[in-house]
Protein chains: 2
Amino acid sequence: MAPLSKEQFEAQRQASKMKIIVVALELFSKKGFINTSINDIAKTANISKGLMYNYFESKDVLLEECLKMVLEGVVGGIQAATQIKNPEERLEFLIRTSFDMLKENPHIWKMFVSLSLQLDKESASYRILNEYWSQLFKNAVSIFKEMGYEDYEERAFRYGAMMDGLAMQYILLGEENILFDKTLQGAINIYCYNK
Amino acid sequence: MAPLSKEQFEAQRQASKMKIIVVALELFSKKGFINTSINDIAKTANISKGLMYNYFESKDVLLEECLKMVLEGVVGGIQAATQIKNPEERLEFLIRTSFDMLKENPHIWKMFVSLSLQLDKESASYRILNEYWSQLFKNAVSIFKEMGYEDYEERAFRYGAMMDGLAMQYILLGEENILFDKTLQGAINIYCYNK
DNA sequence: TACCTTTGACCAACCGTTCAGTCATAAATA
DNA sequence: TATTTATGACTGAACGGTTGGTCAAAGGTA
């Protein structure tokens with residue numbers, strides 16, 4: 001049993017880190033990154049400020065790890081799309097699951113936008129976010145190409161703008177707006193099935 | 001000359017305030033509201049910190065006055081649209097002048113979005129911004145109604161989403177993207193002339 | 001003199017970060 | 001088994017720095 005203990009320690013450590021990340025994500029997304037202090041996080045997680053720095057070397061690194069974790073979840077959620085052969089259906093699946101996630105956790109997506117706007121473009125966190133958006137766009141381009149459109153890049157750009165815009169509307173106005181779902185369905189009809 | 005002096009003082013005071021507002025807007029939009037200190041503004045404006053508080057009772061009030069001033073300019077810029085009888089042409093004018101302003105001063109619009117996301121919803125500044133967006137939406141609704149569409153509200157919403165999305169793309173990716181102008185022209189064709 | 005603008009030293013509060021030191025527990029030793 | 005030693009999670013006071021905001025005093029003008 002003795003030889004296992006080291007790995008057990010590591011597992012315990014990972015679990016503790018995860019607990020902190022969950023709390024930090026909650027606070028970052030609700031109050032904003034800048035407006036959340038290390039003290040806030042430590043208090044909410046019921047640990048000391050010092051322990052925070054045992055696990056994460058700085059507030060910035062903590063943010064990085066938060067982003068990595070949550071984006072891993074997002075990527076995992078839309079991974080199933082690769083199974084879908086038909087590009088039209090694949091795109092519809094992507095749109096629907098993306099907006100399901102947005103509706104389930106609007107604060108997180110609000111945080112993504114907020115960070116994209118306020119982070120230093122050279123920071124690691126910004127790069128992580130940027131990498132994700134780039135992948136999304138490239139994916140859309142290849143789908144429209146697969147659909148056989150000649151103007152696939154332009155289409156992907158227009159599609160991206162509409163998705164961003166709809167997401168912004170949801171983030172800023174909230175669900176109360178009845179027009180949202182109707183417009184989303186309309187967008188699916190247009191971009192997936194061109195009708 | 002003596003009887004005028006009071007008004008002259010007031011005019012002088014307004015001029016000084018305006019000078020501070022211009023500097024503050026520059027810094028707020030380039031570094032972000034939270035990351036700009038009163039000291040930064042005072043130094044850049046070549047005045048003392050104390051004098052700042054002679055003119056503006058707090059940093060929040062300064063932001064309010066900045067927003068009021070810049071939005072006044074924006075409203076003034078699109079005011080000419082009311083002269084255009086034809087709703088299709090009026091909408092095209094609105095879109096073009098809006099994006100001209102965005103291109104001329106992307107930092108300012110980035111600031112608008114950033115503030116909308118991070119300000120307390122009860123704050124005066126948030127209300128000022130919100131009021132402006134509401135007016136834009138209502139205006140779009142009435143234009144589409146005037147055009148004779150039955151689904152004018154839904155159309156206005158979709159239009160708003162596309163405009164927001166395009167603006168976000170521009171703010172985040174910058175002008176380098178060749179697809180932007182093409183997509184904007186496409187949006188004008190679709191939303192103004194339904195082709 | 002009297003009245004204003006303007007200054008910049010000053011304040012308390014808060015920030016991210018550090019670090020000397022505590023303590024329960026596990027490993028090693030006898 | 002009993003005792004010592006080593007580990008690393010954990011604490012919280014303290015640090016240097018920055019913040020928004022205040023105020024007594026100096027400067028300018030009439």
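Computation of the quantities below employed the complete heavy-atom set of this structure, encompassing side-chain atoms and omitting hydrogens, waters and symmetry-equivalent molecules. Letters A, B, ... are given to chains in the order of the sequence lines, protein chains preceding strands, and every chain is numbered from 1.
The structure places CG of B:Asn105 at 9.5 Å from CE of B:Met111, a figure rounded to the nearest 0.5 Å. Note that CD of A:Gln135 and CZ of A:Phe137 are 12.0 Å apart. Values are rounded to the nearest 0.5 Å.
For B:Glu92, the salt bridge (charged side-chain N to carboxylate O under 4.0 Å, His left out) criterion is met by B:Arg96, not counting sequence neighbours. Under the rule for a salt bridge (charged side-chain N to carboxylate O under 4.0 Å, His left out), the partners of B:Asp181 that lie at least two apart in sequence or sit in another chain are B:Lys103.
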Would you mind writing out the side-chain donor-acceptor pairs for residues 65-84 of chain A within the sub-3.5 Å range, not counting sequence neighbours?
| from | atom 1 | to | atom 2 | distance (Å) |
| --- | --- | --- | --- | --- |
| A:Glu65 | OE2 | A:Lys17 | NZ | 3.4 |
| A:Thr82 | OG1 | A:Gln79 | O | 2.8 |

Show me the donor-acceptor pairs, under 3.5 Å and distance only, between side chains in residues 139-148 of chain A and residues at least two apart or in other chains.
| from | atom 1 | to | atom 2 | distance (Å) |
| --- | --- | --- | --- | --- |
| A:Ser142 | OG | A:Asn139 | O | 2.9 |
| A:Glu146 | OE1 | A:Arg90 | NH2 | 2.6 |

Please tabulate, for side-chain N and O atoms in residues 163-174 of chain A, each donor-acceptor pair with protein atoms closer than 3.5 Å (sequence neighbours left out).
| from | atom 1 | to | atom 2 | distance (Å) |
| --- | --- | --- | --- | --- |
| A:Asp164 | OD2 | B:Gln169 | NE2 | 3.4 |
| A:Gln169 | NE2 | B:Asp164 | OD2 | 3.4 |
| A:Tyr170 | OH | A:Glu175 | OE1 | 3.2 |

Which atom pairs, one a donor and one an acceptor, fall under 3.5 Å between side chains of residues 18-35 of chain B and the rest of the protein, sequence neighbours left out?
| from | atom 1 | to | atom 2 | distance (Å) |
| --- | --- | --- | --- | --- |
| B:Glu26 | OE2 | B:Lys30 | NZ | 2.9 |
| B:Ser29 | OG | B:Leu25 | O | 2.8 |
| B:Ser29 | OG | B:Glu26 | O | 3.1 |
| B:Lys31 | NZ | B:Asp40 | OD2 | 3.0 |

Tell me which donor-acceptor pairs under 3.5 Å the side chains of residues 115-125 of chain B have, and how far apart each pair is, sequence neighbours excluded?
| from | atom 1 | to | atom 2 | distance (Å) |
| --- | --- | --- | --- | --- |
| B:Ser116 | OG | B:Phe112 | O | 2.9 |
| B:Asp120 | OD1 | B:Glu122 | N | 3.0 |
| B:Lys121 | NZ | B:Tyr126 | OH | 3.4 |
| B:Ser123 | OG | B:Asp120 | O | 2.7 |
| B:Ser123 | OG | B:Tyr126 | N | 3.2 |

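Residue B:Ser37 places none of its side-chain N or O atoms closer than 4.0 Å to OP1 or OP2 of D:dT18.
Screening residues 79-99 of chain B for ring pair (Phe, Tyr, Trp, His ring centres under 6.0 Å) gives B:Phe99-B:Phe180 as the qualifying pairs, with residues at least two apart or on separate chains. Applying the side chain to side chain donor-acceptor pair (under 3.5 Å) definition to pairs two or more places apart or across chains, those involving residues 50-62 of chain A are A:Arg13-A:Asn54, A:Ser16-A:Tyr55.
Listed by residue number, the members of residues 114-129 of chain B with any heavy atom below 4.0 angstrom from DNA chain D form an empty set. For the segment residues 20-30 of chain A, the set of residues with a heavy atom within less than 4.0 Å of an atom of DNA chain D is empty. Within residues 42-64 of chain A, the residues that place at least one heavy atom under 4.0 Å from DNA chain D are, in residue-number order, A:Ile47, A:Ser48, A:Lys49, A:Gly50, A:Leu51, A:Asn54, A:Tyr55.
Within 4.0 Å (heavy atoms only), B:Ser16 reaches no atom of the nucleic acid at all.
Distance B:Lys31 NZ to D:dT19 C1': 12 Å, rounded to the nearest Å. We find that CG of B:Asp40 is positioned 11 Å from C1' of D:dT19, with the value rounded to whole Å. Regarding B:Asn39, its CG atom lies at a distance of 9 Å from the C1' atom of D:dT18, rounded to whole Å. Following rounding to the nearest Å, A:Ile38 (CD1) and D:dG16 (P) show an atom-to-atom distance of 20 Å.
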